[in-house]
Amino acid sequence: MSLKAGKEALLRKHYTEAIAILTEYSQDCDDPTSKDYVQSQIWLVSAYKKTGRADKAIAICEQLETYTDPQLQKWAQKSLITLRAILAEPPDDRIKRNEDVASVIKSNPRRYRKKNVTLALPSRYTYFFIAAILFTILSIVGLQFLVGYGISLIFTDTFTNTWLIAISVVTFVISILVFFMSPWIIDITQKQYHRIQWITLADLDEKSPEAVEIIEDFCEKYNIFVPRLGWIEDDAPVAFTYGVISNSARIIVSRGLFECLDDDEIAAVYAYQLGRIRNKSFAVLTFISAPVQILYYLYVLLSRRSYRTKSAKQVWQIAATLANVLYSLSNYLLVWLSHASTIVSDRFASEVTGNPNALARALPKMARQMLPYNQPAMPTNRLLESTRAIGICDRQTMTAIGLAMEIAHVGQTDQDPYRVFLWELFNPWRRWLEIHSTHPLIGKRLKFLSGYSKQLGLLTEYDFEELLKEEKKLNKNRLYRNFWRDLLIQISPFIGVAIAIIASTLLHQLFNRWLPLSFSLIGLGLGFMFQGSLRYPDFRKVADTDLVSLLTDPYASYVQGAPVQIPGELLGYGTDEFYIGYSLRLEDQGGLAFLNYIPNFRQWIIDPSSTIKNLELLCDRSVLASGWFRRGKFPIIDLSTLQPIMEDRPNQRASLISYHQFWNNIGSSILVLLGLSILLLTSRIF
C-alpha cells in the first residue's frame, strides 16, 4: 500500500479504508524516523479522530511527542489536548436514549459481554439459502429466455438451433448488463421517490457510535471499503442495502428509524445490512429488484397522471392498477431468497453485535413506527412499499405487531399484548401469510433471536421463553381442525370449477362445446355461495370482546370470521384499496381496530351521499360495532352493524348496516344464472 493511496482515501472521507492503508504502510516502513512514516502517522490521527476513535489517536500522538522535531512535538501536544477533551466527554452527550419507545420494553436490555461471537443455526437453513440464490438467478434468467422465445415466435414458425443460440446469447448479455447496471437503476428510481443524502461515518457517529464501530470492525475484518451511507428524511422506519460488489455497497436508512430505536438497536439494524453484504445475497436481490423497481416507478407515474389528467382518467387508473399488480407479482421472484437471507443475516447481526436482544427489540418497535402508514384505506408510504424485498422487514405483515406494540406502550390493558406473537408462531395459517410476504413473520424471527439469546445465556425480550412454552397448552386438534375447515372454505370456488370441468368432460357427447364454460360458471357461483355461507356465521354466539383479546387469540381464523361486538369511538373512514366499500377506524379501550363496511346498492351506487352523511354523523362518537373478526394481512372486522351507544344527539340519529352476505349472494347468484342461461341458450341454438 502506498502513502498516496492512504491520502486519497482520507480526502474521499473513506476513513476506514484510509486507516487500513496507512496502518499497513506503517507496518511495512523500515525507518520510523522518515518523513513519510511521520506523515502516515499524522494522517492516521486525523482518520481515527474522524471516526470517533480518540483513544487510538492519542496513542499515536504520545509516540510522536517523543520525536526530536520541535514542530512535530508542538503539533502532537496540541492534538493531545483536543483528543483528551473528546475522550473525556460523557457518553450520554453523544447519544440520547429515546425514553418514549424504551418504555414499551418490559425487561432491561441484556447483551453478551463481548462482540463477534459464534452462534449455531441448523445447517438446513444454510442449504436453503444456497438453493434460494440458485433458484432466484435461474428464475429471472429463465423468465428472460421465455420472453425472448415468445418474441422469436413472432418472426419465425420454426424454432431452430440458431434461434436457441441467439436467444441464449442475448439473455446472457442482458443479464450481465442488468446485473452491473442494477445499482444505478435503483439510484435513479429511489431519487424519484426520495432525495437521498449521503453521509459519512463521522455524521453517523453523532447518531449511533456503536453502529460506526460495527461498520469499521466489519470493513477492517473483511478488507472492504466502507459502504456508502445514505439518509432519507422520512418518518417511516426504513433500512435497506443494495449494490453488486461489496466495495460499492450502499446502506440507506431513514430518519424514522432513528426516532424509534436506541443506539444498540440501530447498530443491530446496520449489522443486519452488513450481513446481507457478507453473504452476497444483496447482489442477487439488487439484480432482481432493479426491473421490479422500474415497474413500481411506472406505477407511480401512471398514478400521478391519473390524478392530474382531465380526460380518460379511468384509463390511466386501470393502467396504474395493472402496473401495480405486475409489481406485486414480480416481488414473488424475491420471496425465497429474501426469506433465506433474512434468517442468515439475523444470525450474523447477532454474532457481530453479541446482542440478539437488540434486533429482537428493534423489529417490533419498527412495526409500531410503521403503524400510521400501514392501515387499510390509508395512503401507502412509497418508501416502505418500494423497498419491501431489499429492506429489513415487509410492511404488509407488520400491522398486527404494530397494534400490539402501541397497546403495550399505552398500557391501558391488563392482558399481555406480547401474546400477539402466538398466532405467528403456532397458527397453521401463518405459513400462508408468510408465502405472500417478502420476509419471515416477526414471530418466527424473534423465535430464532430468542434462541441465540439462550445460547449466550441471556434473558429474552417480551418473555419469549414463556411464550414458546404456550405451545404445550394449545389445543392442536382445534388449531388444525379450524385450518382444514378454513382451507375448504377458501378453495370452495376452485373445487366447484374442478367438479364442473369433470362433469362437462363426462357429458361432452350429450351437449355442445359451450358446456365447459356454462358448467364452470355454475360451479364457481355455487362455490362462492358455499364460501359466503360459512365465512359469515350467525350471531347466536356473538361475544363482547376487545382488540387485545382478538389480537392475542392464537386460534383466530384467516378465513372464517368470528362473531364479535366491540364498543369504541369511530375515528374516521376511507375507501378501501379497490373502492369496494369503506374502511373504518375504531378506537376501543386497548387500541385501534379496522372495520370493513359495504353498503347496499342504493347507498353505494345510486346515492352514496347518504352513506357519507351517516359516517360523518357517527365520527367522534361512542359506537358499538358488530361483525366478524379475521386475522389476515390486516386484523380486520367485516362489519355487520354500527350504531351509537347513546343517543346523545336526538336530531342526528345514524346507524350503519353492512351487506357482506348480500353482495356475496348476489355475485354468486349472477354467476349461476349466467351459467344456466348459456346452457339453455346454446342447447337450443347449436
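- Summarising the geometry of Ala267 relative to Glu210, their closest heavy-atom pair is CB-CG, 3.7 Å, with the distance given to 0.1 Å.
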Determine, stepwise, if the pair Leu257 / Val238 fulfils side-chain contact (heavy atoms from CB on, under 4.5 Å). CA-CA 6 Å; Leu257 187 78; Val238 171; over 6 Å; no

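- Contact of the Val284 side chain with the Phe179 side chain is not registered, since no non-hydrogen atoms from C-beta on lie closer than 4.5 Å.
- Considering all non-hydrogen atoms of both residues, Leu425 and Gly443 come closest at CD2-O, 3.4 Å.
- Side chain to side chain, Asn279 and Ser281 meet the donor-acceptor criterion of an N or O pair below 3.5 Å.
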Would Thr33 and Asp31 count as a side chain to side chain donor-acceptor pair (under 3.5 Å) here? Give the steps. CA-CA 5 Å; Thr33 61; Asp31 185 8; 2.6 Å; yes

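- Nearest heavy-atom pair, Leu334 versus Ser289, reported as atom, atom and distance to 0.1 Å: CD1-OG, 3.8 Å.
- Between the side chain of Ser40 and the backbone N or O of Ser26 there is no donor-acceptor pair closer than 3.5 Å.
- Side chain of Ser450 to main chain of Thr460: no donor-acceptor pair is present (N/O by atom type, distance under 3.5 Å, no hydrogens or angles).
- Counting only residues at least two apart or in different chains, salt bridge (Lys or Arg N to Asp or Glu O under 4.0 Å) contacts with residues 336-352 comprise Asp346-Arg445.
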Assess whether side-chain contact (heavy atoms from CB on, under 4.5 Å) is satisfied between Ile232 and Arg255, documenting all intermediate values. CA-CA 6 Å; Ile232 296 177; Arg255 185 186 69 247; over 6 Å; no

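- Residue Pro227 comes nearest to Ile277 through the heavy atom pair CG-CD1, 4.1 Å, listed as atom of the first residue, atom of the second, then distance.
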Under 3.5 Å, sequence neighbours excluded: what are the donor-acceptor pairs made by side chains of residues 58-66?
{"from": "Glu62", "atom 1": "OE2", "to": "Arg84", "atom 2": "NH2", "distance (Å)": "3.2"}
{"from": "Thr66", "atom 1": "OG1", "to": "Gln63", "atom 2": "O", "distance (Å)": "2.5"}

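- Counted by atom type alone, Thr397 and Asp394 present zero donor-acceptor pairs between their side chains at under 3.5 Å.
- Side-chain atoms of Phe448 and Tyr125, non-hydrogen and from C-beta on, do get closer than 4.5 Å to each other.
- Side-chain contact check for Asn381 versus Asp234: some heavy-atom pair is nearer than 4.5 Å.
- In terms of modelled atom types and a separation under 3.5 Å, the side chain of Ser453 and the main chain of Leu449 share a donor-acceptor contact.
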Could you walk me through whether Asp264 and Arg361 pass the salt bridge (charged side-chain N to carboxylate O under 4.0 Å, His left out) test, one step at a time? CA-CA 10 Å; Asp264 62 333; Arg361 292 193 304 273; 2.5 Å; yes

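- In this structure, Tyr297 has its ring center no closer than 6.0 Å to that of Tyr327.
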Assess the residue pair Val253 and Trp231 against the criterion (side-chain contact (heavy atoms from CB on, under 4.5 Å)); give the C-alpha distance rounded to whole Å, side-chain angles, the decisive distance to 0.1 Å, and a yes or no. CA-CA 5 Å; Val253 298; Trp231 175 272; 4.0 Å; yes

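- Looking only at side-chain heavy atoms (C-beta outward), Pro183 and Arg250 come within less than 4.5 Å of each other.
- You'll find the side chain of Trp198 reaches within 4.5 Å of the side chain of Ile252, heavy atoms only.
- The number of heavy atoms from other shown groups lying within 6.0 Å of CZ (Phe135) does not exceed 12.
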Check the pair Lys444, Glu424 against salt bridge (charged side-chain N to carboxylate O under 4.0 Å, His left out), reporting the backbone distance first and the verdict last. CA-CA 7 Å; Lys444 180 178 180 179; Glu424 297 191 351; over 6 Å; no

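- With 3.5 Å as the limit, one finds no donor-acceptor pair spanning the side chains of Gln396 and Ser437.
- Taking the six-membered ring where tryptophan is involved, the planes of Tyr222 and Phe348 are tilted, since the angle between them lies from 30° to 60°.
- With hydrogens and angles disregarded, a donor-acceptor distance shorter than 3.5 Å links the side chain of Thr399 to the backbone of Asn374.
- Closest non-hydrogen pair, Leu456 versus Pro356, comes out as CD1-CD, 3.8 Å.
- Taking 4.5 Å as the limit, some side-chain heavy atom of Ile215 sits within range of a side-chain heavy atom of Leu204.
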From CA spacing to verdict: side-chain contact (heavy atoms from CB on, under 4.5 Å), Met405, Lys365: CA-CA 7 Å; Met405 290 300 105; Lys365 284 185 179 181; over 6 Å; no

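- The residue from Leu371, Leu403, Leu384, Ile442 that alone fulfils the side-chain contact (heavy atoms from CB on, under 4.5 Å) condition with Met398 is Ile442.
- A donor-acceptor pair is defined here as one N or O able to donate and one able to accept, closer than 3.5 Å; no such pair exists between the side chain of Ser341 and the backbone of Leu337.
- A salt bridge does not link Arg195 to Glu233: none of the charged side-chain nitrogens sits closer than 4.0 Å to a carboxylate oxygen.
- With a 4.5 Å cut-off on side-chain heavy atoms, Ile392 and Leu359 count as touching.
- In this model, a donor atom of one side chain and an acceptor atom of the other lie less than 3.5 Å apart for Ser246 and Lys280.
- Scanning both residues, Gln273 and Ala239, for their nearest heavy atoms gives NE2-O, 3.4 Å.
- Checked against the 6.0 Å centroid threshold, His436 and Tyr332 count as a close aromatic pair.
- Checking side-chain atoms of Glu259 against main-chain N and O of Asp235 turns up no donor-acceptor pair under 3.5 Å.
- With Cys219 as reference, Val226 is the one residue of Asn247, Val226, Ile214, Leu201 to meet the side-chain contact (heavy atoms from CB on, under 4.5 Å) rule.
- No more than 12 heavy atoms of other residues, nucleotides or ligands sit less than 6.0 Å from atom NZ of Lys454.
- Ring centroid separation for the pair Tyr299 and Tyr296 comes in under the 6.0 Å cut-off.
- Side-chain contact of Tyr242 with Asp187: a donor-acceptor pair under 3.5 Å is present, judged by distance alone.
- Note on ring orientation: taking the six-membered ring where Trp is involved, the planes of Tyr418 and Tyr462 are tilted (angle from 30° to 60°).
- Side-chain contact check for Thr438 and Asn331: no donor-acceptor pair (N or O, by modelled atom type) lies under 3.5 Å.
- The aromatic ring centres of Phe464 and Phe421 sit less than 6.0 Å apart.
- Counting heavy atoms from C-beta outward, Arg388 and His439 have side chains that stay 4.5 Å or more apart.
- Side-chain contact check for Thr342 and Tyr272: at least one donor-acceptor pair (N or O, by modelled atom type) lies under 3.5 Å.
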